[in-house]
A.B. asks: 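So that we are looking at the same thing, I have put the structure below in structure tokens.
A note on names: the letters A, B, ... follow the listed sequences, proteins ahead of strands, and every chain is numbered from 1.
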There are 2 protein chains.
Amino acid sequence: MTDQADGSATGRRPTMIDVARAAGVSLKTVSRVANDVPTVRPALAERVRTAMSDLGFQRNSVAANLRSGRTTGTIGLIILDLANPFYSTIAAAAAEVAERFDTQLITASSGWDTARERELVLDLCERRVDGLIIACTGGDQSYLDEIARGTPVVFIDSPPSGPRSDMVLLDNRTGTRDLFRRLIAEGHREIGTITDTLNDFTMRERLAGAREALREAGLESGRHAARIYSDRPRSAGDAVGAMLDGPHPPTALFCGNNRILLGAVEELVRRRSRLRLAAFDDFEFAPLLPHPVTVVSYDTRALGRLAAEMLFQRIGSPRTDPSTYVIPTYLIDRGTMIADTG
Amino acid sequence: MTDQADGSATGRRPTMIDVARAAGVSLKTVSRVANDVPTVRPALAERVRTAMSDLGFQRNSVAANLRSGRTTGTIGLIILDLANPFYSTIAAAAAEVAERFDTQLITASSGWDTARERELVLDLCERRVDGLIIACTGGDQSYLDEIARGTPVVFIDSPPSGPRSDMVLLDNRTGTRDLFRRLIAEGHREIGTITDTLNDFTMRERLAGAREALREAGLESGRHAARIYSDRPRSAGDAVGAMLDGPHPPTALFCGNNRILLGAVEELVRRRSRLRLAAFDDFEFAPLLPHPVTVVSYDTRALGRLAAEMLFQRIGSPRTDPSTYVIPTYLIDRGTMIADTG
DNA sequence: TTGAAAGCGCTAACAG
DNA sequence: CTGTTAGCGCTTTCAA
């Protein structure tokens with residue numbers, strides 16, 4: 001025995017055909033009701049709606065999109081690591097914009113792996129996402145030309161190597177230059193820098209900004225430079241330790257991103273060092289760090305929001321020239337100077 | 001003039017039919033090659049593959065799933081706020097499991113709004129996600145029975161009100177009880193508690209744990225209790241201020257979650273107060289807070305991982321009884337006692 | 001090993 | 001206003 005009058009199998013989800021049969025109307029009328037087409041006699045519409053709820057009908061939007069050939073109402077976001085607050089903030093902001101366009105966000109992490117990034121792009125294109133936002137790895141993105149054919153892409157945080165595209169970037173260079181100018185104005189001449197190898201572009205830009213400020217002041221750069229090869233804060237802490245224990249310890253320290261800063265602060269706290277500290281990236285907990293720090297800050301949510309808005313704009317008009325939006329950066333003195341809590 | 005030999009319109013994506021025509025084979029053979037069916041003569045397969053790359057063919061996995069009626073290879077994750085590290089960590093862990101099942105994760109934030117949550121569930125079910133992971137709001141989830149018909153659901157963090165389901169919860173009660181036991185053992189008799197109204201279940205459980213410990217010690221509870229109505233840390237800071245300025249300031253403070261803790265620390269630092277501080281939720285920056293704090297910690301990634309594993313298990317065998325997994329919690333003394341950095 | 005036909009659940013185009 | 005027919009791009013019969 002089945003639980004449906006028309007004898008359709010239990011377990012199968014009811015389709016518009018089932019609803020049509022139950023309501024004694026044609027498939028098309030059901031479709032009209034489901035799409036709120038106004039030209040349906042109220043009485044009929046009511047009967048259809050009753051049948052729908054009786055059967056527990058739920059329209060299959062996948063099938064709907066297949067025929068109409070319109071958008072699927074999904075966009076893909078490929079980032080490096082969803083667990084990193086920088087990227088999750090971007091994801092949240094992008095999702096908010098997507099909501100305005102009745103679009104869902106598929107979020108995937110590439111984990112700094114270019115091959116994985118490529119796989120994800122392919123997979124998402126095969127799912128026919130309406131567009132992609134990509135925080136790309138340091139690798140080569142030429143594959144996009146053959147893979148993303150027609151799927152609009154906006155890059156964030158760092159530009160792709162290869163294709164010309166819409167981009168939303170941070171003003172890495174200016175931010176770091178201003179930061180170094182301040183450190184130099186404070187009298188620092190030996191500034192240690194710690195960067196990582198995970199995001200070549202941003203780190204290069206930040207270092208270029210640093211060099212600019214140093215050159216203006218007639219200072220050498222690169223005397224205290226360390227690069228780390230993971231995003232574990234501990235690696236950064238070790239690098240800081242090595243620097244401080246070296247023959248020419250710096251008087252100030254610049255951390256290339258928030259994770260490096262985290263490791264550096266840990267190490268400095270452990271050593272009860274009062275080294276002048278500065279970093280790129282601001283974050284919610286920065287004001288509470290136990291070591292004063294001056295950071296290059298910017299509006300992370302704006303980055304995600306603009307990227308999504310740019311993408312929907314591009315989806316609307318595919319054949320205009322790509323453009324780049326640069327998010328401004330500014331300095332903030334953060335961190336507390338906690339006295340005698342011991 | 002078109003750029004394709006068979007005359008198909010420029011701009012249209014090539015389909016298997018286009019490939020078949022170009023390779024001089026049947027549609028079905030193309031399908032076989034696309035699906036790596038081994039029973040295709042190598043020479044033919046090669047010809048098909050050549051045609052595919054010549055035309056830039058990209059299989060439409062949406063259409064493929066429509067006919068086969070199999071899974072869509074997507075699961076939905078509905079959380080309260082993607083920007084909160086607690087939830088983004090869960091999302092990252094769930095995505096990692098999903099990857100093993102060749103599944104993509106659609107992440108959406110309900111923003112503590114039950115109506116929005118319901119809309120999202122409906123939307124995702126209409127997209128025919130293979131399953132849902134939901135961190136539900138405090139509202140009523142009875143709608144699930146009529147909406148999610150057949151779509152497996154796993155709840156995380158707090159149980160739904162209404163449907164019986166698989167769940168992954170934290171051991172809120174034991175964690176908080178142990179924490180209060182410790183505070184009491186330290187001699188504290190007046191412990192302020194700050195909770196919020198955003199997640200009734202978890203807060204109730206945590207308070208129940210607190211009361212248990214207080215009762216064991218023959219102490220009253222509720223003398224210093226404040227509830228805040230937003231997740232802005234500032235609200236928590238204000239509540240702390242009011243408590244400390246009140247007639248009976250507590251000697252220790254319990255913060256119901258990480259955002260409350262954040263606001264409390266800010267306020268305590270501002271006042272240079274040395275109040276004994278404790279909180280539910282651990283997070284990466286906790287060790288660096290400028291105020292010592294004992295936290296109830298747990299494995300957030302495990303929560304996301306288990307929820308996803310449970311979901312895929314449920315997708316595999318829909319008709320078994322729902323089960324609940326409780327993630328253990330444990331105490332950690334966190335925070336630094338920074339001396340004389342002034 | 002290959003192909004023709006049917007059909008997944010829906011919408012578009014055209015009739016009535 | 002309503003229904004019929006076709007067809008989205010693919011997979012699943014089943015026959016050759």
A.B. asks: Counting any heavy atom closer than 4.0 Å, what does A:R70 reach on the DNA or RNA strands: base, sugar-phosphate only, or nothing?
C.D. replies: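 Here A:R70 touches the backbone only, sparing every base.
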A.B. asks: Are any of the side-chain heavy atoms of B:R128 and A:Q58 separated by less than 4.5 Å?
C.D. replies: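 Of all side-chain heavy-atom pairs linking A:Q58 with B:R128, at least one is under 4.5 Å.
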A.B. asks: Separation of B:D18 atom CG from D:dC10 atom P, in whole Å?
C.D. replies: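 These atoms are roughly 9 Å apart.
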A.B. asks: Please determine if a side-chain N or O atom of B:T29 lies less than 4.0 Å away from the OP1 or OP2 oxygen of C:dG3.
C.D. replies: yes
A.B. asks: Does D:dT11 have OP1 or OP2 under 4.0 Å away from a side-chain N or O of B:S31?
C.D. replies: yes
A.B. asks: Please report, rounded to the nearest Å, how far the P atom of D:dC8 is from the CG atom of A:L66.
C.D. replies: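 That distance rounds to 9 Å.
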A.B. asks: Would you check, one step at a time, whether the test side chain to side chain donor-acceptor pair (under 3.5 Å) holds for B:T300 with B:T89?
C.D. replies: CA-CA 7 Å; B:T300 310; B:T89 302; 5.7 Å; no
A.B. asks: Which part of the nucleic acid, if any, lies within reach of A:R59 when heavy atoms closer than 4.0 Å are counted: base, sugar-phosphate only, or nothing?
C.D. replies: sugar-phosphate
A.B. asks: Looking at every strand, decide which applies to A:L27 at a 4.0 Å heavy-atom threshold: base, sugar-phosphate, or nothing.
C.D. replies: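 The answer is base, as A:L27 lies within the cut-off (heavy atoms under 4.0 Å) of a base atom.
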A.B. asks: To the nearest Å, give me how far apart CD (B:E126) and C1' (C:dG9) are.
C.D. replies: 13 Å
A.B. asks: What's A:V62 touching, base or sugar-phosphate or nothing? Going by heavy atoms closer than 4.0 Å.
C.D. replies: nothing
A.B. asks: In whole angstrom, what separates A:R128's CZ from C:dC10's P?
C.D. replies: 21 Å
A.B. asks: Any donor-acceptor pair under 3.5 Å between the side chain of B:R13 and the base of D:dG9?
C.D. replies: no
A.B. asks: Write down the distance between CD1 (A:I17) and P (C:dC8), rounded to a whole number of angstrom.
C.D. replies: 7 Å
A.B. asks: Between the base of D:dT2 and the side chain of A:R41, is there any donor-acceptor pair under 3.5 Å?
C.D. replies: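 Such a pair does not exist between side chain and base.
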A.B. asks: Considering only NZ, NE, NH1 and NH2 on the basic side and carboxylate oxygens on the acidic side, decide whether B:E99 and A:R116 come within less than 4.0 Å.
C.D. replies: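 Salt bridge: yes.
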A.B. asks: Specify the separation, in whole Å, of atom CZ of A:R67 and atom P of C:dC14.
C.D. replies: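 Roughly 11 Å, once rounded to whole Å.
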A.B. asks: Counting heavy atoms from C-beta on, name the nucleotide in C:dC8, C:dT11, C:dT2 closest to the side chain of A:N35.
C.D. replies: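 Of all the options, the side chain of A:N35 is nearest to C:dT11.
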A.B. asks: Could you tell me whether the phosphate oxygens of D:dG3, OP1 or OP2, come under 4.0 Å of any side-chain nitrogen or oxygen in A:S26?
C.D. replies: yes
A.B. asks: Let's see if you can work this out: which of C:dT11, C:dC10, D:dC10 has an atom nearest to the side-chain heavy atoms of B:A63?
C.D. replies: D:dC10
A.B. asks: From C:dT2, C:dC10, D:dT11, pick the nucleotide closest to the side chain of B:M16?
C.D. replies: D:dT11
A.B. asks: Tell me whether B:R314 is salt-bridged to B:E309, with the criterion being a basic N under 4.0 Å from an acidic carboxylate O.
C.D. replies: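 No.
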A.B. asks: Without decimals, in angstroms, what is the distance between A:N65 CG and C:dT11 P?
C.D. replies: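 The distance from CG of A:N65 to P of C:dT11 comes to 9 Å, rounded to the nearest Å.
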A.B. asks: Nearest whole angstrom, please: distance from the P of C:dA12 to the CZ of A:R32.
C.D. replies: 11 Å
A.B. asks: Map B:T39 and A:Q58 onto DNA chain C by nearest heavy atom, then report which one ends up closer to the 5' terminus.
C.D. replies: B:T39
A.B. asks: Side chain to side chain donor-acceptor pair (under 3.5 Å), that's the test. Do A:T137 and A:E117 meet it? Break it down for me.
C.D. replies: CA-CA 8 Å; A:T137 60; A:E117 171 188 286; 3.2 Å; yes
